[in-house]
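Notes for the one structure printed next.
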Amino acid sequence: QVQLEESGGGLVQAGGSLRLSCAASGSIFSINVMGWYRQAPVKQRELVATITRGGSTNYADSVKGRFTISRDNAKNTVYLQMNSLNPEDTAVYYCNALVETYYNSAYRQDDYWGQGTQVTVSS
């Protein structure tokens, strides 16, 4: 079993910064892609940023130049540094990880999600 635990959300004024963290724990063999998604009220969940184990990153156009994703492979942790926040960034932010586990003499990959952390940006 694998768990993802997020932290770092909160309330911030427009123009401010927040840093989200997400630590994966459990029976992990390796983690391939880690990422952040967000869901605002009455909107669908959308990609914010992803990062591969090797450090290749991908960002949504709306956050390019403002958000930075990084990871610590030794700690199975992914971070999201969010700068120049604006009210449109208000959402629940979810951590995601594509995790490889080894069980009963077999490897398997599964998608895991955190419970989400609220980010609210006031104008």
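Position 1 is the first residue of the sequence, and the numbers go up from there.
Shown here for Ser17 and Asn83, the closest heavy-atom pair between the two residues is OG-OD1, 2.9 Å. Annotation for Ala24 and Ile31: closest pair CB-CD1, 3.7 Å, computed over non-hydrogen atoms. Nearest approach of Pro87 to Ser123, heavy atoms of both residues: CG-CB, 3.8 Å. Of all non-hydrogen atoms in Ala97 and Leu4, the two that sit nearest each other are N-CD1, 3.9 Å. For the pair Val119 and Gly9, the tightest heavy-atom approach, listed with the atom from each and the gap, is CG2-CA, 4.2 Å. Taking all atoms of both residues into account, the shortest heavy-atom contact from Val92 to Gln118 is CG2-OE1, 3.2 Å.
Counting non-hydrogen atoms of other residues, nucleotides and ligands closer than 6.0 Å to CD of Gln115 gives a total of 12 or fewer. Crowding of Glu46 atom CD: a count of heavy atoms from other residues, nucleotides or ligands under 6.0 Å exceeding 12.
Taken to the nearest 0.5 Å, the OG atom of Ser62 stands 10.0 Å off from the CD atom of Glu88. In this structure, Asn58 CG and Thr50 OG1 are separated by 4.5 Å, a value rounded to the nearest 0.5 Å. Note that CG of Asp89 is 5.0 Å distant from CZ of Arg38, once rounded to the nearest 0.5 Å. Expressed to the nearest 0.5 Å, how far CZ of Arg66 lies from CG of Leu85 amounts to 6.5 Å. Of the inter-residue distances, the one linking Lys64 atom NZ with Thr57 atom OG1 reads 9.5 Å to the nearest 0.5 angstrom. If you take CD on Gln81 and OG on Ser21, they are separated by 9.5 Å, rounding to the nearest 0.5 Å.
With hydrogens and angles ignored, the 3.5 Å screen pairs no side-chain donor or acceptor of Glu100 with any backbone N or O of Phe29. With Asn73 contributing its side chain and Arg53 its backbone, the two residues share a donor-acceptor pair below 3.5 Å. At distances below 3.5 Å, not a single donor-acceptor pair connects side-chain atoms of Asp110 with backbone N or O atoms of Leu98.
Hydrophobic cluster membership is shared by Val121 and Tyr59, with clusters built from Ile, Leu, Val, Met, Phe, Trp and Tyr side chains linked at under 4.5 angstrom. Tyr79 is not connected to Val99 by any chain of hydrophobic side-chain contacts under 4.5 Å among Ile, Leu, Val, Met, Phe, Trp and Tyr, and they are in different clusters. With hydrophobic clusters built from ILVMFWY side chains whose heavy atoms lie under 4.5 angstrom apart, Val78 shares a cluster with Ile28. In this structure, Tyr37 is not a member of the same hydrophobic cluster as Leu20, with clusters built from ILVMFWY side-chain heavy atoms closer than 4.5 Å. Leu80 is connected to Val12 through a chain of hydrophobic side-chain contacts under 4.5 Å among Ile, Leu, Val, Met, Phe, Trp and Tyr, so both are in one cluster.
Ring orientation note: the planes of Tyr107 and Tyr102 are tilted relative to one another, at an angle of 30° to 60°.
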task: Before giving the answer on side chain to side chain contact (heavy atoms under 4.5 Å, CB included), spell out for Tyr94 and Gln39 the whole-Å C-alpha distance, their side-chain angles and the decisive distance to 0.1 Å.
output: CA-CA 8 Å; Tyr94 295 91; Gln39 187 167 16; 4.2 Å; yes

- prompt: Would Cys95 and Trp36 satisfy side chain to side chain contact (heavy atoms under 4.5 Å, CB included), going step by step from the backbone distance to the final call?
  reply: CA-CA 5 Å; Cys95 175; Trp36 292 94; 4.0 Å; yes

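In this structure, a donor-acceptor pair under 3.5 Å is absent between the side chains of Glu5 and Ser7.
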